[in-house]
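Remember, predicted model here, so these are calculated numbers, not experimental data. Every chain is numbered from 1 and lettered A, B, ... according to where its sequence line falls, protein lines coming before strand lines.
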2 protein chains.
Amino acid sequence: MAPDAPRPPRSRTAADVLRRLIFDGELAPGSDHLETELATRLGMSRTPIREAAVQLAAQGLVELRPRKGLRVLPISPEDMREIYEVLTELESGAAGRAAERSHAPGVLDELEAAISDMDAALDRDDRDAWADADDTFHRLLMRLGGNTRAEAVVAMLADQVRRARAVTLWSRPLPVQSNADHRAVLDAIRRGDAETARAIHRTHRETAGRMLLDLISRARLKAI
Amino acid sequence: MAPDAPRPPRSRTAADVLRRLIFDGELAPGSDHLETELATRLGMSRTPIREAAVQLAAQGLVELRPRKGLRVLPISPEDMREIYEVLTELESGAAGRAAERSHAPGVLDELEAAISDMDAALDRDDRDAWADADDTFHRLLMRLGGNTRAEAVVAMLADQVRRARAVTLWSRPLPVQSNADHRAVLDAIRRGDAETARAIHRTHRETAGRMLLDLISRARLKAI
DNA sequence: GCGTTCGGATATGCATACACTGACGTACGC
DNA sequence: GCGTACGTCAGTGTATGCATATCCGAACGC
């Protein structure tokens with residue numbers, strides 16, 4: 001028998017469920033939701049809902065407007081630029097540090113595996129699988145950077161743009177260049193070439209950011 | 001008469017007061033504090049205290065441990081390294097972008113003023129005033145970078161190390177090189193020389209970080 | 001003497017109750 | 001007809017009560 005898992009606190013459940021609802025678009029960007037309404041919807045009282053709301057607000061996913069309810073923050077092109085700028089700096093820094101450090105043998109293989117998964121997904125034209133593997137790659141890369149703060153910040157910002165990807169993933173060109181970049185970064189890390197790892201990843205993110213911004217502005221999306 | 005300000009929500013007061021107590025060291029690093037105790041101390045019920053606690057936890061200032069109370073997180077040398085790495089990357093990025101953008105006339109003068117304040121404080125050997133002006137300089141610099149996310153992240157991390165400065169400020173050498181760096185960054189921004197602004201500020205932060213780490217490890221401080 | 005189990009004390013997590021504030025609509029005055 | 005003032009109502013912010021889970025100590029067994 002699995003030792004029955006202790007029931008997670010309701011506030012935690014609330015935060016998890018709300019996050020999922022936001023990512024899935026069930027709580028649309030820009031929409032308002034009263035605490036009472038959410039409490040009923042999740043089958044709990046307002047107290048844990050409020051606690052979760054405060055956390056999500058601290059992570060920049062929602063905004064708490066007294067009497068208006070909790071508003072799911074839309075991401076404007078300007079927000080997108082900001083987020084990608086920070087991602088670019090922190091991730092390329094992590095790539096550089098990853099190259100400077102030594103790693104347990106298996107770890108780099110995981111990165112390799114994520115890249116292979118992306119390749120395979122591209123062959124099948126399975127964009128969702130590609131996106132998942134891409135997430136994994138970037139998450140592993142941050143882990144290799146050996147800076148938990150940077151990791152946490154990047155995770156938070158990645159969450160903020162996650163919703164946007166649902167929109168852009170299907171209208172963007174197939175991300176083939178992306179994967180060449182990933183391999184080049186991995187190679188540089190293997191060789192311990194910090195400067196190259198940093199530079200390539202920086203360019204990679206800058207390009208991706210510009211492409212997304214372009215996509216969004218072409219689509220006349222004022223907010224996502 | 002000033003239109004009487006509406007009374008701020010208790011939860012906000014709680015967060016502000018707790019932050020101050022932490023910075024002032026009245027809630028010592030590593031110490032535990034029960035919600036009930038804090039509620040009594042701040043003259044309010046547990047509800048707003050909890051809300052504030054969740055916020056502070058999200059900012060990485062405290063940790064919520066069921067039944068142990070809220071624990072003021074100590075900063076280890078390792079934490080310090082992490083934080084300075086992120087500060088280095090985000091601030092130097094901001095310095096670079098600040099040089100690329102154009103600014104309203106008065107704005108750069110504020111930066112200049114902060115630097116002068118630091119000079120004056122150094123002449124008086126007034127380290128507290130120097131630290132305040134240094135804060136102002138770095139805050140303004142981030143503002144000039146034009147990235148509110150980066151600004152928020154940096155502010156959060158600066159808060160995390162604020163306590164440490166109380167310890168290091170008095171044992172470190174007089175920060176004279178610091179000010180030369182600041183002027184050089186400002187000059188580069190004025191000239192629109194992004195590359196130089198970025199590079200100098202990066203070196204500035206790297207040096208400061210190494211110095212602090214050195215100071216802390218010399219003092220055998222395992223945590224602050 | 002040491003380990004284990006049981007019981008009590010206690011802090012928390014959550015639900016609920018309530019007062020207050022801000023918003024909106026209506027009605028009145030001009 | 002337009003602007004203003006008042007009343008009503010809803011939602012939040014906060015307090016409080018309670019059930020539960022956990023931790024510590026003591027007592028018992030080995």
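Checking B:R41, B:R19, B:R20 one by one against B:L27, the side-chain contact (heavy atoms from CB on, under 4.5 Å) holds for a single residue, B:R41.
Nearest heavy-atom pair across B:H201 and B:A95 is CB-CB, 4.1 Å. For A:I49 against A:A39, the heavy-atom pair with the smallest separation is CG1-CA, 3.7 Å. Considering every non-hydrogen atom in both A:A14 and A:M44, the closest pair reads CB-SD, 3.9 Å.
Spacing between atom CZ of A:R50 and atom P of D:dG11 amounts to 14 Å, rounded to whole angstrom units. If you take CG of B:L42 and P of D:dT14, they are 13 Å apart, rounded to a whole angstrom. One atom, CG of A:L38, and another, C1' of D:dG11, lie 13 Å apart when rounded to the nearest Å. The NZ-C1' distance, from B:K68 to C:dT12, rounds to 14 Å in whole Å. Regarding A:I49, its CD1 atom lies at a distance of 14 Å from the P atom of D:dG13, rounded to whole Å. As rounded to whole Å, 14 Å separates atom C1' of C:dA11 from atom CZ of B:R65. With rounding to whole Å, A:E51 atom CD is found 16 Å from D:dT12 atom C1'. The interatomic distance linking A:R7 (CZ) with C:dT12 (C1') rounds to 13 Å, in whole Å.
The closest side-chain heavy-atom distance from B:L215 to B:S171 is below 4.5 Å.
More than 12 heavy atoms of other residues, nucleotides or ligands lie within 6.0 Å of CZ in A:R101, so this atom counts as buried by the packing criterion.
Listed for the A:H138 side chain is no donor-acceptor partner under 3.5 Å among the backbone atoms of A:E91. In this structure, the side chain of B:N147 engages the main chain of A:E82 through a donor-acceptor pair within 3.5 Å.
Side-chain atoms of B:R67 and base atoms of C:dT12 include no donor and acceptor less than 3.5 Å apart.
Backbone-only contact: B:E35 has heavy atoms under 4.0 Å from sugar-phosphate atoms and none from a base.
Taking side-chain N and O atoms only, A:R10 has a distance below 4.0 Å to OP1 or OP2 of C:dA15.
Side-chain atoms of A:T13 and A:D16 include no donor-acceptor pair closer than 3.5 Å.
Residues of residues 14-22 of chain B having a heavy atom closer than 4.0 Å to DNA chain C: none are found.
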Give each protein N/O atom lying under 3.5 Å from an N/O atom of nucleotides 16-18 of chain C, with the pair distance.
| from | atom 1 | to | atom 2 | distance (Å) |
| --- | --- | --- | --- | --- |
| C:dT16 | O4 | A:T47 | OG1 | 3.4 |

